[in-house]
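Letters A, B, ... mirror the listed sequences (proteins, then strands); counts begin at 1.
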There are 2 protein chains.
Amino acid sequence: MKKEETAEHLILDAAKDIFQSKGMDGARMQEIADKAGINKAMLHYYYRSKQLLFEAVFKNAFSLLAPQLNTILNDDSSIEDKVRKFTTDYTAFMMKHPYLPNFIINELNRNEDFILKLKENTGFPNLEKFKAQVNTEIKAGVLKPIDADQLFVNILALNIFPFLGKPLVKALTKKDELSYAAFVESRKTEVANFIIHSIKK
Amino acid sequence: MKKEETAEHLILDAAKDIFQSKGMDGARMQEIADKAGINKAMLHYYYRSKQLLFEAVFKNAFSLLAPQLNTILNDDSSIEDKVRKFTTDYTAFMMKHPYLPNFIINELNRNEDFILKLKENTGFPNLEKFKAQVNTEIKAGVLKPIDADQLFVNILALNIFPFLGKPLVKALTKKDELSYAAFVESRKTEVANFIIHSIKK
DNA sequence: ATATTTGTTAACCATATGGTTAAACTTGTT
DNA sequence: AACAAGTTTAACCATATGGTTAACAAATAT
């Protein structure tokens, strides 16, 4: 038996699917059990309560996202290169985990205190290096003046929003599933260009 | 008695609060009734079911948002002026309705078919004029070449994301409630400049 | 082999939840 | 005043839900 087929892992896996698509409030313990092919009592045996099972799933999801952010924050390439790399990588990553952004954003909105628990974790993204680098490049005349926090949020916004707002954007731009995928795919370069055009001298 | 104090309106008002902060799944009919100061049976008397009450709230919320979008889509000023006006107005609007974006985005993700009902409504935003105008200004040499859909999504993303991702962004940028409000306030001009810099020749 | 710990199940429980009902109250009409 | 229509309430209902229990099975240790 593979590690992934232990009851504990089967449960976490099923819980991930259900929680990420339906949220904490919409998820049902029975549905998770059914999806895992396992008796409902086992969920409590391994994770004690719905809340704790949810937290296990959430921390797992966030620990998938954090390294993506750290890419842009903590390597040594130029801001331009970072933006290009991040935009490509992040979009590719999101295409593989389409429920992730909405799940995280929404659950953080539902319970604002929850982010405090994440902050304590090592590996919680830290902006200091990125901000210092932006300011250095501005002084060096490579970039136009811009507040580093604002730039960071812009980068995040342009990359994440198409996944968060997919149903809305799809409807507004009158795209079907296929053309939306192509639209997002082309953003890998479009968004990077859009940002670079704006900030580069 | 004012119109706003009829039972029907008190219910809708309370339902708006509860649904927008807790979502469809997290909302409880009893809680809505309590907030409205009205017997629970009245909710069903006026709105038949939780689903229908929810839809009333949702359509209401969306009909508040749609005119904001139409501002940028259907007036006759230049793209640059539209971007500036939209960014200022939209941010001001969101500061007054902080739960709106997450509510709408999240519920549309929960039920993708729901947007179809909205599409039928008159007043559902239409991008054609905006797209034509972008292409005209590109041909006239006012704007650099850019796909109009991409530009539209960029504008939306930059404006909406700070409200959607507030808890996350607040934590990442280490801002408290007050400095986050200032951050968002300054985006009214920062975002417009960011966009204009990128697209203007 | 036997005892002990760990894993698993079906049945059960208390409570929460959306929804209904029938009676009472209010308002307007004749 | 009497009647009808609309409005409001408390009590009720069926079901769903997170969680528990006690018995049973499998693996592990003695």
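Taking atom CG of residue A:Asp34 and atom P of nucleotide C:dT9, one finds them 12 Å apart after rounding to whole Å. Protein atom CE of B:Met24 is 10 Å distant from nucleotide atom C1' of C:dG18, rounded to whole Å. Taking atom CG on B:Leu43 and atom C1' on D:dA10, their separation rounds to 15 Å, with Å as the unit. For B:Gln30 and D:dA11, the CD to P distance is 13 Å, given to the nearest whole Å. Across the protein-nucleic acid pair, B:Ile32 atom CD1 and C:dG19 atom C1' stand 14 Å apart, rounded to whole Å. The distance between atom CG of B:Leu52 and atom P of C:dG18, rounded to the nearest whole Å, is 14 Å. With rounding to whole Å, B:His44 atom NE2 is found 15 Å from D:dT9 atom C1'.
At least one side-chain heavy atom of B:Leu69 sits less than 4.5 Å from a side-chain heavy atom of A:Leu172. With contacts defined as side-chain heavy-atom distances shorter than 4.5 Å, the pair A:Asn74/A:Phe130 does not qualify.
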Donor-acceptor pairs are to be reported for all side-chain atoms of residues 191-201 of chain B against protein atoms at under 3.5 Å, with residues two or more places apart or in another chain.
residue  : atom : partner  : partner atom : Å
B:Asn193 : OD1  : B:Arg84  : NH1          : 2.9
B:Asn193 : ND2  : B:Thr189 : O            : 3.4
B:His197 : ND1  : B:Asn193 : O            : 3.4
B:Ser198 : OG   : A:Phe194 : O            : 2.6
B:Lys200 : NZ   : B:Glu80  : OE1          : 2.7

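A salt bridge does not link A:Lys22 with B:Asp25: every distance from a Lys NZ or Arg NE/NH1/NH2 to an Asp or Glu carboxylate oxygen is 4.0 Å or more. The pair B:Lys175-A:Asp149 counts as a salt bridge, with a side-chain nitrogen and a carboxylate oxygen less than 4.0 angstrom apart. With respect to A:Glu107 and A:Arg110, a salt bridge is recorded, a charged nitrogen being found less than 4.0 Å from a carboxylate O. Using a 4.0 Å cut-off between charged nitrogen and carboxylate oxygen, B:Asp89 and B:Lys188 do not count as a salt-bridge pair.
In terms of modelled atom types and a separation under 3.5 Å, the side chain of A:Asn106 and the main chain of A:Gly23 share no donor-acceptor contact. Under the 3.5 Å distance criterion, the side-chain polar atoms of B:Asp176 are matched with a main-chain donor or acceptor of B:Ser179. Remark: side-chain polar atoms of A:Thr91 are not paired, donor with acceptor, to backbone N or O of A:Thr88 under 3.5 angstrom. Judged by distance alone, with hydrogens and angles left aside, the side-chain atoms of A:Arg28 form no donor-acceptor pair with the main-chain N or O of A:Ile18 at under 3.5 Å.
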Check nucleotides 5-8 of chain D against the protein and report each pair of N or O atoms closer than 3.5 Å, with its distance, or say if there are none.
residue : atom : partner : partner atom : Å
D:dT7   : OP2  : B:Tyr45 : OH           : 3.2
D:dT8   : OP2  : B:Tyr46 : OH           : 3.1

Could you pull out the protein-nucleic contacts involving nucleotides 13-17 of chain D (nitrogen or oxygen on both sides, under 3.5 Å)?
residue : atom : partner : partner atom : Å
D:dT17  : OP1  : A:Arg28 : NE           : 2.6

Contacts under 3.5 Å, N or O only, protein and nucleotides 24-29 of chain D:
none

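Taking five base pairs at each end of the helix from C:dA1-D:dT30 to C:dT30-D:dA1, the local helix axes there meet at an angle of 10°, rounded to 10°.
Among residues at least two apart or in separate chains, ring pair (Phe, Tyr, Trp, His ring centres under 6.0 Å) pairs with a member in residues 100-121 of chain A are A:Phe54-A:Phe103, A:Phe58-A:Phe103, A:Phe58-A:Phe114.
Closest-nucleotide positions on DNA chain D for B:Gly37 and B:Lys40 were compared, and the one nearer the 5' end corresponds to B:Gly37.
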Before giving the answer on salt bridge (Lys or Arg N to Asp or Glu O under 4.0 Å), spell out for A:Lys131 and A:Asp147 the whole-Å C-alpha distance, their side-chain angles and the decisive distance to 0.1 Å.
CA-CA 8 Å; A:Lys131 284 162 77 167; A:Asp147 177 67; over 6 Å; no
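Here B:Leu64 contributes atom CG and B:Lys96 contributes atom NZ; the two are 10.5 Å apart, rounded to the nearest 0.5 Å.
Each of D:dT9, C:dA10, D:dG19 was ranked by its minimum atom distance to the side chain of A:Ser49; first place goes to D:dG19.
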